[in-house]
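Each remark here refers to the structure printed beneath this line.
Residue numbers begin at 1 in each chain, while the letters A, B, ... track the order of the sequences. Being a predicted model, the structure only gives us computed values, none of them experimental.
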There are 2 protein chains.
Amino acid sequence: MPSDALSATFAALADPTRRAILARLALGEASVTELAQPFAISLPAVTKHLKVLQRAGLVSQGRQAQWRPCKLEAEPLQNAAGWIEQYRRHWEQRLDQLDDYLRELQAQDGGKPQG
Amino acid sequence: MPSDALSATFAALADPTRRAILARLALGEASVTELAQPFAISLPAVTKHLKVLQRAGLVSQGRQAQWRPCKLEAEPLQNAAGWIEQYRRHWEQRLDQLDDYLRELQAQDGGKPQG
DNA sequence: TATTTATTTAACCACATAGTTAAATATACA
DNA sequence: TGTATATTTAACTATGTGGTTAAATAAATA
């Protein structure tokens, strides 16, 4: 049960329904019923998804009569993006050739993987 | 149990132990025992974490005698980064001020805001 | 062959998550 | 006041996750 902020953010993003909710909120505020409309799940299920998103700080909820309009709060995504960006060089293989070179050097003086 | 690639990637990142494993592998290949060493958890627990990472395509495992050296495969992070990047303008509020301005125009119906 | 080392699998536990339906709450309105 | 609408909470089920210990598997070595 990881409860740090980054883990909560990634966990919240690890569900397609919640990502769709965020995508909808990126267009503007919406009520819970409006958010639920595209999905074939019950309203309590949507409430639960919203709780996960709120716990991650990705969504805030206001008050307007009996509606509780939901709003995107994108700041936590900044840390998530920052964490992932650290690995950009690994998928852009700019330095991967250096990695390969170092690995080859290692491979020449012994067989075992040893850090 | 979301099984699409993006969900699997985010789910894999939603655990600090797994993020630490990826950080270690960013420095180079490592055996399971080496990966387990910094953590106060059993080897089977590490094996399970590695399975999650492999299912997400973030780690691959080779064979070298009785060792199974693990290697970072960062490509799935590219999609994760891409998804998050869509929301960059929302946390960088470069355009948020324009949003606010437009909203204010609508609300005031002609009043000119400061700035 | 027997032993040691590295890793995985099996079986289990506690708990979180994603969903359900039914009931409770909050607000607007006739 | 009572009713309709919007949302949440409660209670429950099924499943996934993260951990354990004990046993099984794979490969090197004495």
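Atom P of nucleotide D:dT17 and atom CG of B:L50 are separated by 15 Å, given to the nearest angstrom. If you take CD1 of A:I41 and P of C:dT17, they are 15 Å apart, rounded to a whole angstrom. Across the protein-nucleic acid pair, B:D15 atom CG and D:dT17 atom C1' stand 9 Å apart, rounded to whole Å. The separation between A:R68 atom CZ and C:dT25 atom C1' is 8 Å, rounded to whole Å. Here the P atom of nucleotide C:dT7 and the NZ atom of B:K48 are 18 Å apart, to the nearest Å. As a whole-Å value, the separation of B:L43 CG from D:dG19 P is 13 Å. Distance CG (A:L35) to C1' (D:dT7): 12 Å, rounded to an integer number of Å.
Between B:R63 and D:dA27 there is a side-chain polar atom (N or O) within less than 4.0 angstrom of OP1 or OP2. Between B:K51 and C:dT9, a side-chain N or O to OP1/OP2 separation shorter than 4.0 Å is present. Between D:dT17 and B:H49, no contact under 4.0 Å exists linking OP1 or OP2 to a side-chain N or O. Listed pair A:T47 / D:dT7 fails the phosphate criterion, with no side-chain N or O lying under 4.0 Å from OP1 or OP2. Regarding contacts with the backbone of C:dT17, a side-chain N or O of A:R55 is found under 4.0 angstrom from either OP1 or OP2. The side chain of A:R18 contributes an N or O atom lying less than 4.0 Å from OP1 or OP2 of C:dA18. For the pair B:S42 and D:dG19, the criterion of a side-chain N or O lying under 4.0 Å from OP1 or OP2 is not met.
Using a 4.0 Å heavy-atom criterion, one finds that B:A40 contacts the sugar-phosphate atoms exclusively. Within the nucleic acid shown, B:Q61 comes within 4.0 Å of sugar-phosphate atoms alone, with no base atom in reach, counting heavy atoms only.
Contact between B:T17 and B:F39 at its shortest, heavy atoms only, is O-CZ, 3.9 Å. Shortest non-hydrogen contact noted between B:A26 and A:R89 is O-NH2, 4.3 Å. In this structure, A:V59 and A:L25 approach most closely via the heavy-atom pair CG2-CD1, 3.5 Å. Closest non-hydrogen pair, A:A56 versus A:A8, comes out as CB-O, 3.6 Å. Heavy atoms only, all atoms of each residue included: A:R68 and A:V32 are closest at O-CG2, 4.2 Å.
Under the 4.5 Å side-chain criterion, counting only non-hydrogen atoms from C-beta, B:S31 is not in contact with B:P69.
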Nucleotide N/O of nucleotides 28-30 of chain C paired with protein N/O under 3.5 Å:
from	atom 1	to	atom 2	distance (Å)
C:dA28	O4'	A:Q66	NE2	3.4

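Within a 6.0 Å sphere centred on CD of B:Q37, heavy atoms belonging to other residues, nucleotides or ligands number 12 at most.
Using modelled atom types, no side-chain atom of B:R24 and backbone atom of B:R19 make a donor-acceptor pair closer than 3.5 Å. Checked by atom type and distance alone, the side chain of A:Y87 pairs as donor or acceptor with a backbone atom of B:A23 at under 3.5 Å. A side-chain donor-acceptor contact under 3.5 Å links A:R18 to the backbone of A:A11.
Proximity of residues 19-33 of chain A to DNA chain D (heavy atom under 4.0 angstrom from any strand atom) is restricted to A:S31, A:V32, A:T33.
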